Amino acid sequence: MDTIEPTLGIRLAIDDEMIRSKGDTVLGADDKSAVAQIIEVLSVLDENSLPHGDIEVVFTSAEEKGLSAQRILISTD
């Protein structure tokens, strides 16, 4: 998973219900929260033996650089 720079030393500030960066790094929460949600859905399906069709999860990179990885995936589908 890629996030925009700078990612080294991310420091969080939590105010009431808001989580944000302390200001000198990015938070990168969009990708991270999406991955957490996908993993949670898969866990719930498995733990509860819920019926479902085939599931394929693909994590790509280079979202911030023009979706280049997604284009390769789509072109080889």
Side-chain angles (χ1 to χ4, degrees):
M1 179 179 66
D2 62 331
T3 57
I4 58 174
E5 299 293 334
T7 58
L8 185 61
I10 294 175
R11 296 180 309 132
L12 303 178
I14 302 173
D15 302 316
D16 295 320
E17 296 180 8
M18 178 73 71
I19 299 173
R20 59 181 176 77
S21 167
K22 287 212 176 197
D24 53 354
T25 63
V26 298
L27 184 58
D30 56 336
D31 289 347
K32 294 170 188 162
S33 65
V35 169
Q37 291 174 53
I38 291 167
I39 291 170
E40 178 63 16
V41 167
L42 297 174
S43 295
V44 168
L45 289 172
D46 183 56
E47 291 167 1
N48 295 289
S49 300
L50 296 173
H52 56 79
D54 294 341
I55 298 173
E56 186 173 342
V57 177
V58 178
F59 295 101
T60 62
S61 61
E63 169 216 356
E64 302 287 346
K65 298 176 182 172
L67 304 173
S68 59
Q70 291 86 329
R71 287 191 186 122
I72 293 169
L73 180 65
I74 291 168
S75 68
T76 60
D77 190 7

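This is a predicted model, so every value here is computed, not measured.
- With rounding to the nearest 0.5 angstrom, the CD1 atom of I14 is 11.0 Å from the CG atom of D16.
- Remark: S43 pairs with I39, E47 by the side-chain contact (heavy atoms from CB on, under 4.5 Å) rule, at least two apart or across chains.
- L12 approaches K22 most closely through the heavy-atom pair O-CE, 3.1 Å.
- Hydrophobic clustering places L42 together with L50 (ILVMFWY residues linked when any side-chain heavy atoms are closer than 4.5 Å, directly or through intermediates).
- No side-chain heavy atom of I55 sits less than 4.5 Å from a side-chain heavy atom of V41.
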